[in-house]
Amino acid sequence: MTGSPPTPDPKQPRRLDTGVPHTARVWNHFLGGKDNYPADREAGDRIAEANPDVIRLARASRAFLVRAVRYLAGETGIEQFLDIGTGLPTFNNTHEVAQAIAPQSRIVYVDNDPLVLVHAEALLTSAPGGVTHYIEADLHDPDTILHEAEAVLDFSRPVAIMLIAILHHIGDTEKAQAVVGRLMEAVPSGSYLAIAHAVHSETMDEGARRWNQVGKPPLIPRSPQQVARFFDGLELVHPGLVMTTQWRPDGTELGVVREVDQYSAIGRKP
């Protein structure tokens, strides 16, 4: 199968506001993509001025996603992925990595940027025997995400929930924990949670401050201890919660060689 077409909600008219920076498009700019607008590039450059390592962080985040999906598809046998906050298609997308290992893998992407919907057809190129689907929804509404994903994913079988560089856009930590809890409640034993999350540093906090002046959604770094709480009740996969570049490095570093202000981990639901 090549995937199912996106199913827009007629009650939610789409409006692409190119004058307001959006993280998905700024991230695309950091990764060298072309699917962004002057406002996104200007905001991204302001962040990079305050935090020059942010481009390295973007690459580290993508490299972690690749390593995480390879681990999940290759070592744990996971064949279902719910990738929330996927952003714009670039390279080494979740379905490409997973289906290169297990062509039958089923992937559901979720994002709330209308431009991602415009590019959904690029995301929906699936390996024969697999499925790739896109949902336009917001992480703040996990029930809608789960309901829509049920059309593609079998929640009686293990699912990997991917929250890569997205939870730090929920400003209320209790709300963020509740969202993660709701998502993990819906999946069975043997499912996994992968998180990459911005953490406090002088440069990260200043970059976030500049972003929050002009962009959306807001960026709220947290401490490693706060990030660890998202894995409460789960079994952390070795090496646990560590700096993103230190999570099972295997050469898939995309030029990342230095420290980054982001921590990552994978947890298994017992």
Side-chain angles (χ1 to χ4, degrees), residues 12 15 17 19-30 36 39-40 42-44 46-51 53-54 57-58 60-61 64-65 82-88 109-116 135-146 161-186 193-234 241 243-244 260-265 267:
Q12 297 290 332
R15 194 167 58 84
D17 188 349
V20 176
H22 191 283
T23 53
R25 302 192 297 268
V26 172
W27 210 245
N28 178 264
H29 171 52
F30 287 155
N36 48 72
D40 306 308
E42 181 180 351
R46 278 173 54 83
I47 296 171
E49 181 182 357
N51 183 4
D53 286 342
V54 69
L57 185 149
S61 185
F64 168 69
L65 179 143
L82 180 57
D83 185 341
I84 304 174
T86 179
L88 289 153
Y109 289 108
V110 183
D111 205 285
N112 67 350
D113 182 2
L115 187 60
V116 178
I135 297 170
E136 186 177 8
D138 195 291
L139 181 58
H140 288 83
D141 186 7
D143 287 331
T144 293
I145 292 173
L146 293 167
I161 296 178
M162 313 294 292
L163 299 174
I164 308 301
I166 181 65
L167 274 175
H168 49 228
H169 294 306
I170 298 182
D172 186 313
T173 298
E174 290 188 2
K175 171 65 174 177
Q177 289 173 340
V179 167
V180 173
R182 177 69 187 98
L183 292 169
M184 295 308 296
E185 177 187 46
L193 171 67
I195 291 176
H197 195 296
V199 296
H200 289 299
S201 74
E202 184 177 345
T203 53
M204 172 58 74
D205 291 348
E206 175 60 18
R209 186 189 68 80
R210 294 192 184 195
W211 166 257
N212 293 339
Q213 289 178 336
V214 297
K216 64 178 185 181
L219 171 60
I220 311 297
R222 293 187 169 93
S223 68
Q225 293 76 17
Q226 289 175 311
V227 177
R229 292 293 306 277
F230 293 122
F231 293 94
D232 283 355
L234 304 181
L241 179 66
M243 189 177 294
T244 295
V260 295
D261 299 324
Q262 185 187 71
Y263 270 57
S264 298

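- Considering every non-hydrogen atom in both I84 and I166, the closest pair reads O-CG2, 3.6 Å.
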Test salt bridge (Lys or Arg N to Asp or Glu O under 4.0 Å) on R182 and E185 and set out the steps. CA-CA 5 Å; R182 177 69 187 98; E185 177 187 46; 3.2 Å; yes
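- Heavy atoms only, all atoms of each residue included: L139 and L183 are closest at CD1-CD1, 4.1 Å.
- Of all the heavy atoms in H168 and A198, the pair that sits closest is ND1-N, 2.9 Å.
- The environment of E206 atom CD is dense: over 12 non-hydrogen atoms of other residues, nucleotides or ligands sit within 6.0 angstrom.
- Side-chain N or O atoms of N212 include one that pairs as donor or acceptor with a backbone N or O of L219 at under 3.5 Å.
- Considering OG1 of T244 and CD1 of I164, their distance stands at 8.5 Å, rounded to 0.5 Å.
- Closest non-hydrogen pair, W211 versus A43, comes out as CZ3-CB, 3.9 Å.
- V260 approaches A60 most closely through the heavy-atom pair CG1-CB, 4.1 Å.
- Shown here for P21 and V214, the closest heavy-atom pair between the two residues is CD-O, 3.3 Å.
- For the side chain to side chain donor-acceptor pair (under 3.5 Å) test, no residue two or more places apart in sequence or in another chain qualifies with T23.
- Checking I170, N112, D172 one by one against H140, the side-chain contact (heavy atoms from CB on, under 4.5 Å) holds for a single residue, I170.
- For the pairing with I195, the side-chain contact (heavy atoms from CB on, under 4.5 Å) check across F64, Y263, F230 returns one residue only, F230.
- Separating the CD atom in E202 from the CG atom in D261 is a distance of 10.5 Å, to the nearest 0.5 Å.
- Rounded to the nearest 0.5 Å, atoms CG (N36) and NE2 (H29) are 6.5 Å apart.
- Within 6.0 Å of atom CD in E174, 12 or fewer heavy atoms from other residues, nucleotides or ligands are found, so the atom counts as exposed in its surroundings.
- Taking CD1 of I220 as the start and CG of L167 as the end, the distance is 12.5 Å to the nearest 0.5 Å.
- Distance check: T144 OG1 to I135 CD1 gives 9.5 Å after rounding to the nearest 0.5 Å.
- A distance of 5.0 Å separates CG in L193 from CE in M184, rounded to the nearest 0.5 Å.
- Scanning for side chain to side chain donor-acceptor pair (under 3.5 Å) contacts around R222 gives T173, H197, with sequence neighbours left out.
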